[in-house]
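Each remark here refers to the structure printed beneath this line.
Just so it is clear, the structure is predicted and the values come from calculations on it, not from any experiment.
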Amino acid sequence: MTVDRLNELLLACALVLLVAVAAVRLSTRSGLPTLLIYLGIGVTMGQDGLGVEFSDPELMQVLGYAALVMILAEGGLATKWREIRPAVGGAAVLATFGVAISVLVTAAAAHYLVGLSWQLSLILGAVVSSTDAAAVFSVLRVIPLPRRLSGMLEAESGFNDAPVVILVVAFSALATDPQPWYQLVGTIVFQLAVGVLCGLGVGKLGELGLRRIALPASGLYPIAVLALCVLSYAVGALAHGSGFLATYITGLILGNAKLPHRPAVRGFADGVAWIAQIGLFVLLGLLATPSALTADFWPAILIGLALTLVARPLSVVVSLTPFRMPWRQQMLMSWAGLRGAVPIVLATIPMVAGIEQSDRIFNIVFVLVVVYTLVQGPTLPWLARKLRLGATDGATDVDIESAPLERLRGHLLSVSIPSASRMHGVEINELRLPPGSAVTLVVRNGKSFVPTPTTVLMRGDELLVVATNAVRDQAEQRLIAVGRGGKLAGWLGRRPHPGPPGVSGPPGRSAPSR
């Protein structure tokens, strides 16, 4: 590649990124998931548009897997354990047993309504059974959902990628390496178990290492965290387990651990995930040929109807009824099964395997994702309002960033008080911080001052708290507790709950059952 060619490529990439960033604003105003805009950019640049040629499904699959690792890592880092904890059981059932129901119903529709072979039908049913929480939340920003429901959507999207990938690979090998159903189930259980163990192991070891070793620059912490998530994927995959599940669990552990510079880590991971999403969807748009999609438009509509109106609701009802989820939440869960990047990426697996008519699967999945995202996306906020599923008012957690003070054997905590925090109106001495910690500085309206014990904290304040290593965790727990429960936190029963083995999460009340 010549220097001039490299300069042209960099120019094109920069323009695409700028257009994609500007498109986020349009997405926010219109309520449409950004994936549609990014796919549109790719299609516009493709063979039927500006003429950019990209027709390598094998390269697309490799790049797609790499992008999904970054997206899953960011999803785990951004997920709050206390919010998904009450929903983990139901999400796990929905991501496994519910996926099986969805695959069978969708495959039957593809075989009997469209006339696809059973192998192609099973592959298609598996491909479209993975949901995308990012697509759901991009259209539900204006209507916060109840904690249990939002936690269910997040956990399901993080869990269901792994079994779906296993099913697509297994169904793609049916002609050359058929497996009895019980062997397939055993393979899924084994790979999920290995993925969980690898994710827990890498996540916990990474947490211990990052808490005990003070890195010389704050910018190294985000790099280390993402490297651990990638390491978790590689270890899980090389151990013949689910690398995707390992990545998500490692991200979940590190995102809820009390690591230094947590907001910076999450901000960096969020930026990397945006780049991964933009690149992924643009490449998928380039890979698609609009002129070839028209022949599979109506088959995609029929299969999408079966998936949206039969398969998804049935899987939700069967999976979540035993967990006593109210019918209104089940209705929203059924309609909120938006598909995103994962199904289109997985549609390249049978293409790489050389399965006959696999290009039809890609076309059907592409049309299905675009059309039903256009239909379901804008109607989700309306349905949430009709079902009266807006979240009740609650306190917003204070934002705490920790920076290690290695020579002083302590930590400097930077605390931001959001508008909905119950820390508003609390005096400094009413924080009741443990001995060995103190509020040293308050920044209010751009001006800083040293507080007195009777200084009243206000929403929008930023605090600097110094704590020794011995009481750092207690100080952070106390700050979070006061932010949720006010000056009487602790006396009213608002105490931290323990996280599960391998997950160190921010303390606080468990989410109430709804």
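Inter-residue side-chain proximity for V128 and V369 is flagged as unmet; no heavy-atom pair is nearer than 4.5 Å. Between I253 and L200 there is a side-chain heavy-atom pair separated by less than 4.5 Å. For the pair V465 and L412, the minimum side-chain heavy-atom distance is 4.5 Å or more. Contact of the E74 side chain with the V272 side chain is not registered, since no non-hydrogen atoms from C-beta on lie closer than 4.5 Å. You'll find the side chain of L457 stays beyond 4.5 Å of the side chain of H424, heavy atoms only. Contact annotation: the side chain of L463 never approaches that of S414 to less than 4.5 Å [non-hydrogen atoms, C-beta and beyond]. Annotation: side chain of M423 is in contact with side chain of L431 (closest heavy-atom distance under 4.5 Å). With contacts defined as side-chain heavy-atom distances shorter than 4.5 Å, the pair M351/Q61 does not qualify.
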Q) After noting the C-alpha distance and the side-chain angles of L389 and R328, does the key distance pass the side-chain contact (heavy atoms from CB on, under 4.5 Å) rule? A) CA-CA 8 Å; L389 287 177; R328 289 185 295 125; 3.8 Å; yes

Q: Apply side-chain contact (heavy atoms from CB on, under 4.5 Å) to the pair N363 and F366, showing each step before the final yes or no.
A: CA-CA 5 Å; N363 294 339; F366 193 94; 5.8 Å; no

**Q.** CA sep, side-chain torsions, deciding dist, call: I275, M70, side-chain contact (heavy atoms from CB on, under 4.5 Å)
**A.** CA-CA 9 Å; I275 293 176; M70 293 294 101; over 6 Å; no

Q.
Could you go through Y372 and L338, starting from their C-alpha distance and side-chain angles, then the distance that decides it, and tell me whether this counts as side-chain contact (heavy atoms from CB on, under 4.5 Å)?
A. CA-CA 8 Å; Y372 284 91; L338 295 183; over 6 Å; no

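For the residue pair Q191/S242, the side-chain donor-acceptor check at 3.5 Å is not satisfied.
For the atom pair CG of L210 and CG of L254, the computed distance is 7.0 Å after rounding to the nearest 0.5 Å. Here CG of L252 is found 9.0 Å from CG of L77. Values are rounded to the nearest 0.5 Å. To the nearest 0.5 angstrom, I84 atom CD1 is 10.5 Å from M152 atom CE. Note that CD1 of I361 is 9.5 Å distant from CD1 of I303, once rounded to the nearest 0.5 Å. We find the CG-CH2 distance between L387 and W327 to be 6.0 Å, quoted to the nearest 0.5 Å. With rounding to the nearest 0.5 Å, the separation of CE in M333 from CG in L149 is 6.5 Å.
Formation of a donor-acceptor pair under 3.5 Å by the D161 side chain with backbone atoms of V342 is not found in this model. Panel note: side chain T106, backbone V103; no donor-acceptor pair is recorded below 3.5 Å. No side-chain donor-acceptor contact under 3.5 Å links T308 to the backbone of L305. Between the side chain of D461 and the main chain of I417, no donor-acceptor pair closer than 3.5 Å is present. For the pair R422 (side chain) and G486 (backbone), a donor-acceptor distance under 3.5 Å is absent.
Under the rule for a side-chain hydrogen bond (donor to acceptor under 3.5 Å, both in side chains), the partners of T379 that lie at least two apart in sequence or sit in another chain are W335. For S129, the side-chain hydrogen bond (donor to acceptor under 3.5 Å, both in side chains) partners at least two apart in sequence or on another chain are S102.
At a threshold of 4.0 Å, the pair E156-R312 counts as salt-bridged, since one of the basic side-chain nitrogens sits closer than that to a carboxylate oxygen. Ionic pairing of R478 and D473 is not present here: no N-O contact between side-chain nitrogen and carboxylate oxygen is shorter than 4.0 angstrom.
Among all heavy-atom pairs drawn from A170 and L184, the shortest one is CB-CD1, 3.4 Å. Of all heavy-atom pairs between L284 and F362, the closest is O-CZ, 4.2 Å. In terms of heavy-atom proximity, P350 sits nearest to I123 at CG-CG2, 3.9 Å. Here the closest heavy-atom approach between residue G98 and residue S315 is recorded as O-CB, 3.3 Å. Heavy-atom minimum distance, I71 versus A276: CG1-CB, 4.2 Å. In plain terms, the two heavy atoms of S130 and N160 that are nearest each other are OG-OD1, 3.4 Å.
Annotation: F268 is not in aromatic contact with Y221 [ring centroid separation under 6.0 Å not met].
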Report, one line per pair, each donor and acceptor closer than 3.5 Å where one atom sits in a side chain of residues 222-236; sequence neighbours left out.
{"from": "S232", "atom 1": "OG", "to": "A246", "atom 2": "O", "distance (Å)": "2.9"}
{"from": "S232", "atom 1": "OG", "to": "T250", "atom 2": "OG1", "distance (Å)": "2.7"}

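Test V352, L287, L286, I344 against M60 for side-chain contact (heavy atoms from CB on, under 4.5 Å) and you get one pass: L287.
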